[in-house]
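Atoms within each ligand, like the ligands themselves, are counted from 1 in listed order. Heads up: numbering here begins at 1 and tracks the sequence.
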Amino acid sequence: MINQSILRVIKIFQGLQPSKISNSRISSPCSSIEETEILSIEEENRCLKNTLKQLIESANHNQQTQERFYALELYFLESRSYQTLIERILVDLKCKLKLAQVELFLIDRDGETQLLISEIYGKLDYDNLFYIENVQPLKLIYNDSIALTLSQKQSLINSLFEKKASISQSVALIPLYRGQQIIGSLHLGSSDHSRFHPDLASNFLQHLGSIISVCIENSLNQERYKHLSLVDLLTRAKNRRYFFQALAKEIARSSRSQSPISCLFLDIDHFKRINDSRGHLVGDRALREIAKHIQPLLRQSDILARFGGEEFTVLLPNTALEQALEIAERIRKKVADIEILDDSGKIFRVTTSIGASSWKPDKQMPSNPASIQNYLINQADKAVYQAKQTGRNQVCSISG
Ligand SMILES: Nc1nc2c(ncn2[C@@H]2O[C@H](COP(=O)(O)OP(=O)(O)OP(=O)(O)O)[C@@H](O)[C@H]2O)c(=O)[nH]1
């Protein structure tokens, strides 16, 4: 009886561990052998249970890792602007994956991305974001073949993370690709020596790299479209639409903070004559030169916009009339000094009439946003008209 049941159990286990149970021993009726066999089966059973437990733990761990990575990827996919995405990669990723260091390299041929982003956001100040002109610096890091690399090599780690190399003990170098084209590289550094060892399964990191690549490309394309709709393509100053959006925002901010806000309207003098005598393309060149020379006179928070034709506006947040008049005078002088070349290589100059308006929290002043906006525009418009009427090439403001 006992032999029969032992045989049944053994048959079950034979498929799993055939080498450990010999048929000759089973055929023996000796009871001590039976006990040994039972003990051996129990031991096998324990081993199998342990193995199963480890497999389940490992599957659970993998599932948790997968869920964490999915959540992270979703977090990147939900970024609504390039600025937010970069912040999430460089700051939040470090925190969420408990990394010591994160470094992002992006290939930016001709500096197009940097120009676009600086025109939209000003300078994005991260000391771990690097724009490179071509793939060459990455080849040096990756040792020519640019593929996902997990390493504990101190020599490689020292070539990363600028001056802070000693913090990281192991690194993951994740190339960022769109199609066949490399667009950058993401470097993750851990203070744990065993975190990124070469034998680690790298599919999660690989997938994360693909998602980040798509997010970067998409957010840059969106920024390009947004930029096109808000910038004057001739002068690269902001356009009228952007100006009105910014004006509404700044008026709301000024009302809240009870700070002044000023506006300048610039109208180039006798511009028709320039077009008529030197040609429309030379007129275009003059407009470009004017915008180029005014921009550096302004603060980062000020906004230069082309209002239309040969008219520009400057929005000066947190600026009272007295200060606005000084800035206007500086602009007027600068414009008069610009040397513009006509098609025959001759230098000519232009002048501009400027009207200034200003709003500050005061009982005499309009207080709701729409009337503040009308007030600023009408006063600046009247002032520029006055400047034209009284001789051009001057700055005027209307009191009251
Ligand atoms: N080249 C060029 N000219 C433009 C553009 N937009 C408007 N203009 C010209 O700007 C000129 C504006 O002329 P007016 O409004 O008569 O004013 P003005 O000649 O500057 O005279 P005042 O403003 O009175 O000093 C017109 O000839 C327009 O054709 C543009 O994008 N490029």
Side-chain angles (χ1 to χ4, degrees), residues 115-116 119-120 224-247 262-298 302-316 324-325 327-358 374-399:
L115 180 64
L116 173 78
E119 283 185 0
I120 300 172
R224 280 185 196 111
Y225 289 130
K226 235 192 286 174
H227 188 248
L228 274 180
S229 71
L230 296 172
V231 162
D232 170 54
L233 294 180
L234 176 67
T235 62
R236 289 193 87 93
K238 298 290 188 296
N239 63 17
R240 186 186 178 104
R241 188 159 153 228
Y242 185 99
F243 172 77
F244 278 108
Q245 283 178 11
L247 182 59
S262 295
C263 226
L264 306 178
F265 271 32
L266 283 73
D267 191 303
I268 312 304
D269 297 326
H270 298 305
F271 200 68
K272 188 171 180 315
R273 282 191 208 158
I274 293 163
N275 273 333
D276 291 349
S277 59
R278 300 172 200 270
H280 210 268
L281 291 181
V282 176
D284 284 355
R285 187 182 304 151
L287 292 172
R288 270 197 300 271
E289 286 291 318
I290 291 164
K292 192 175 100 187
H293 283 82
I294 294 175
Q295 196 70 66
L297 303 179
L298 305 175
D302 300 337
I303 288 156
L304 170 68
R306 186 169 173 215
F307 204 64
E310 49 13 313
E311 292 170 16
F312 291 91
T313 52
V314 181
L315 179 60
L316 302 164
L325 288 171
I327 298 167
E329 187 54 27
R330 232 180 291 148
I331 293 175
R332 187 197 65 76
K333 280 193 184 133
K334 182 60 157 187
V335 171
D337 278 348
I338 303 170
E339 296 185 340
I340 307 161
L341 286 182
D342 70 10
D343 279 343
S344 60
K346 276 202 203 111
I347 289 170
F348 70 98
R349 291 182 172 79
V350 294
T351 60
T352 182
S353 300
I354 304 180
S357 64
S358 192
N374 285 342
Y375 175 82
L376 280 169
I377 290 174
N378 289 338
Q379 294 296 97
D381 201 36
K382 279 185 203 162
V384 82
Y385 182 78
Q386 185 178 311
K388 291 274 180 193
Q389 292 303 302
T390 51
R392 295 182 172 80
N393 190 20
Q394 59 185 308
V395 177
C396 284
S397 68
I398 309 284
S399 52

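A donor-acceptor pair is defined here as one N or O able to donate and one able to accept, closer than 3.5 Å; such a pair exists between the side chain of N378 and the backbone of N374. Of the possible polar contacts, one joining the S357 side chain to the L376 backbone as a donor-acceptor pair under 3.5 Å is found.
For ligand 1, the polar-atom distance check finds no N/O of R273 at less than 3.5 Å from any of the ligand's N/O atoms. An N or O contact shorter than 3.5 Å links F271 to ligand 1 by distance. Below 3.5 Å of separation, one finds no N or O of L234 facing any N or O of ligand 1.
Within the 4.0 Å heavy-atom shell around ligand 1 one does not find R288.
Within the 4.0 Å heavy-atom criterion, neither part of I274 lies near ligand 1. Both the backbone and the side chain of D284 come within contact range of ligand 1, each with a heavy atom under 4.0 Å. Residue-level proximity to ligand 1 for L281 is absent, since no heavy atom of it falls below 4.0 angstrom. Contacts between E311 and ligand 1, counted as non-hydrogen atom pairs separated by less than 4.0 Å, are absent for every part of the residue.
Counting only heavy atoms of the protein, atom 3 (N) of ligand 1 lies nearest to N275 ND2, 2.8 Å.
Residue-ligand proximity, L287 to ligand 1, at heavy-atom distances under 4.0 Å covers atoms 30 (C), 31 (O), 32 (N). Near R392, meaning under 4.0 Å from any of its heavy atoms, are these atoms of ligand 1: 22 (P), 24 (O), 25 (O). Of all atoms in ligand 1, listed by their number and element, those nearer than 4.0 Å to a heavy atom of I268 are 20 (O), 23 (O), 25 (O). Within the listing of ligand 1, atoms 6 (N), 7 (C) sit less than 4.0 angstrom from a heavy atom of G309. With ligand atoms numbered from 1 in the order given, ligand 1 contributes 1 (N) to contacts under 4.0 Å with heavy atoms of G283.
Using a cut-off of 4.0 Å between Lys/Arg side-chain N and Asp/Glu carboxylate O, R332 and D269 are scored as not salt-bridged. By the 4.0 Å N-to-carboxylate-O rule, K346 lies too far from D342 to be salt-bridged with it. In summary, R349 and E339 engage in a salt bridge, as defined by a charged side-chain N under 4.0 Å from a carboxylate O.
Between the choices H270, H280, K272, the shortest heavy-atom distance to atom 13 (O) of ligand 1 belongs to K272. The option with the heavy atom closest to atom 30 (C) of ligand 1, from among R306, R285, E310, K388, is R306.
The shortest heavy-atom contact between R241 and S229 is NH1-O, 3.2 Å. The shortest heavy-atom contact between I303 and A246 is CD1-CB, 3.4 Å.
By the 4.5 Å heavy-atom criterion applied to side chains, F312 and T352 are not counted as neighbours. Two residues are said to be in side-chain contact when any heavy atoms from C-beta on lie closer than 4.5 Å; R278 and I340 fail this criterion.
Ring geometry for F243 versus F307: interplanar angle over 60°, hence perpendicular rather than tilted (30 to 60°).
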